[in-house]
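First comes the structure, then the notes that go with it.
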Amino acid sequence: MDIESIKSQFPIFKNKINGKSLIYLDNANSSQKPGRVIDRIYKFYSKEFSNIGRSVHTLAVTATNRFEETRDLVKKYINAKAREEIIFTKNATEGMNLVASTYGEKFINKGDEILITELEHHANYVPWHFLRQKKGAVIKFAKCNDRGEVEIDEIKKLITNKTKIIGITHLSNVTGAILPVKKIVDLAKAKKIPVLVDGCQGAPHLKLDMQELGCDFYAMSCHKMYGPTGVGILYAKKKWTEQLPPYQGGGGMIEEVKKDKITFPGSPTKYEAGTLQTAEVVGFSESIRFIQDVGIENIMQHEKEITEYGVQELKRNNSIKIIGDPRNRGSIISFIIKGIHPHDIATVLDEDGVAIRAGHHCCQILHEKMGVAATARASLGVYNSKEDIDFLSNAIKKCNKIFNK
Amino acid sequence: MDLKELYQEIILDHGKNPRNKKKCKDFNKDAEGHNPLCGDKVHIFLKLNKEKKVENISFEGEGCAISIASASIMTETIKGKEFNVAKKILEDFLNMLKEGSKLKTNSLSEDQNTTMMSLSGVKKFPMRVKCATLAWHTFLYAAEGKKETANTEKTD
């Protein structure tokens with residue numbers, strides 16, 4: 001893979017950060033955008049914009065077509081069976097709230113159990129907590145092991161005849177562990193329990209095939225997939241979109257409105273209330289095309305190489321402790337340095353143009369379990385190279401010089 | 001932006017060897033503080049006597065170099081001061097971080113003044129200001145007997 005040619009497609013790298021070239025290692029937080037995505041949004045607003053699905057004039061038709069073409073593109077990209085299964089949301093968080101709210105309303109009652117894991121981002125816990133408060137449901141946490149993985153047996157032993165849904169991350173945003181989603185889905189299927197996958201970190205870095213994974217729901221944030229902010233996708237099996245109630249009410253999601261009665265259309269319309277982030281959705285079509293042009297297999301191979309190199313390099317430095325040692329790791333490396341707080345690490349690295357994240361990464365349950373308040377995290381994307389890792393490890397040496405004299 | 005302005009020797013020293021970092025035995029007031037954005041936590045233990053003078057003050061907590069150094073410097077500066085004087089110093093300190101103004105108070109020794117000024121570089125790092133203010137807000141919570149946790153999302 002020609003990294004220089006890929007990097008040159010991202011205008012942000014032409015800028016200097018604190019007078020230095022940008023080494024962007026905060027991709028698990030959000031990724032940068034290729035020029036074609038930015039250009040697509042500009043073109044849409046310049047030449048094709050109108051609100052969608054409402055008016056009959058030419059622009060309305062054009063805009064609606066571009067929007068719906070993106071839905072088809074997504075459907076094909078993730079190998080969904082029907083376009084009704086692709087719901088546009090504002091982000092993965094909204095997708096998971098949609099599932100917790102609608103599925104919870106219909107199927108979860110007092111004493112019913114929701115099974116999630118200790119690795120979950122707050123977005124796959126807090127929505128279930130609301131349900132716990134509202135309905136008296138019980139939330140169970142499958143344990144993660146010392147490697148920062150959740151093993152299938154930990155899920156297995158918590159499933160009871162009260163388990164109503166399983167919510168798991170595809171790829172931990174802290175330890176980098178890739179969970180055995182297919183195995184968990186197979187296990188759940190045998191017990192007729194639906195599975196929601198938080199695909200925030202999985203979607204940008206792994207090949208997506210909903211038929212192969214077999215999950216019932218898969219939530220993504222497009223801004224982590226080299227796409228615009230404000231767009232998320234919730235894949236929901238037709239079986240569920242046909243049964244579950246609408247989520248938010250408003251314009252565009254109704255069939256007929258009377259003073260005493262309202263009827264609703266099918267999915268995705270009933271889940272897409274109000275004017276959506278039209279330009280961003282259309283812009284996202286170029287993110288998918290970008291990923292397709294590079295090839296997701298190539299991206300996976302490349303990121304695996306650079307991540308392995310990164311783990312090796314950081315392990316050379318005795319002051320660094322990498323958090324988690326998953327056997328199947330995505331492109332995420334979280335670490336702590338003895339005697340230096342992660343926020344101080346991030347500030348020192350920033351001076352050299354190296355952008356990482358420090359904090360609990362919206363995973364307080366996991367950090368408490370690991371006995372650390374915060375970690376520093378380097379997360380890689382398609383444009384990162386071994387040189388970026390070298391910059392990172394040199395910048396870390398500078399931290400040691402300042403704080404561990 | 002210059003790292004040396006942020007991580008001055010005085011701050012690195014207080015961050016590494018914080019003063020009064022323990023639970024003092026004679027405290028009669030205490031409060032906890034939390035910076036939810038980065039997870040910094042501090043617990044202030046305070047002995048305020050009948051004349052409303054800070055007889056003793058100490059802290060426990062975990063956080064970055066800035067938050068630990070700031071807590072350490074705060075305890076050193078406030079110890080022995082009348083509460084009203086301490087409150088003025090606190091206001092002065094917050095103004096220094098937010099507005100970039102110089103310290104106006106005349107109740108500090110030259111050394112104390114220099115030490116407090118060493119935290120002024122934080123102003124240039126807006127994401128880190130709350131690290132520096134946490135312990136100071138928490139001191140006020142303790143002194144005023146507030147029961148809830150001081151939260152930098154609400155105090156700043």
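The structure presented is a predicted model; accordingly, all values stated were derived computationally and were not measured. Just so you know, these numbers use all the heavy atoms, side chains as well, and skip hydrogens, waters and symmetry mates. Chain letters run A, B, ... following the sequence lines, proteins first and then strands; every chain starts at 1.
Of all the heavy atoms in A:His341 and B:Gly63, the pair that sits closest is CD2-C, 3.2 Å.
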Please determine whether side chain to side chain contact (heavy atoms under 4.5 Å, CB included) holds for the pair A:His343 and B:Asn35, giving the CA-CA distance in whole Å, both sets of side-chain angles, and the decisive distance to 0.1 Å. CA-CA 12 Å; A:His343 277 101; B:Asn35 180 347; over 6 Å; no
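Within a 6.0 Å radius of NZ in A:Lys90, no more than 12 heavy atoms belonging to other residues, nucleotides or ligands are found. Within 6.0 Å of atom NZ in B:Lys102, 12 or fewer heavy atoms from other residues, nucleotides or ligands are found, so the atom counts as exposed in its surroundings. Heavy atoms of other residues, nucleotides or ligands lying less than 6.0 angstrom from CD of B:Glu110 number 12 at most. Heavy-atom neighbours of B:Lys41 NZ from other residues, nucleotides or ligands within 6.0 Å: at or below the threshold of 12. Other residues, nucleotides and ligands place more than 12 heavy atoms under 6.0 Å from the NZ atom of A:Lys369.
Between chain A and the options B:Leu6, B:Asp40, B:Leu12, the largest number of non-hydrogen pairs under 4.5 Å is found for B:Leu12.
Using a 4.5 Å cut-off between heavy atoms, B:Ile66 touches chain A through backbone and side chain atoms alike.
Here A:Ile402 contributes atom CD1 and B:Lys4 contributes atom NZ; the two are 8.5 Å apart, rounded to the nearest 0.5 Å.
One N or O on the side chain of A:Asp344 and one on the backbone of B:Ala65 form a donor-acceptor pair closer than 3.5 Å.
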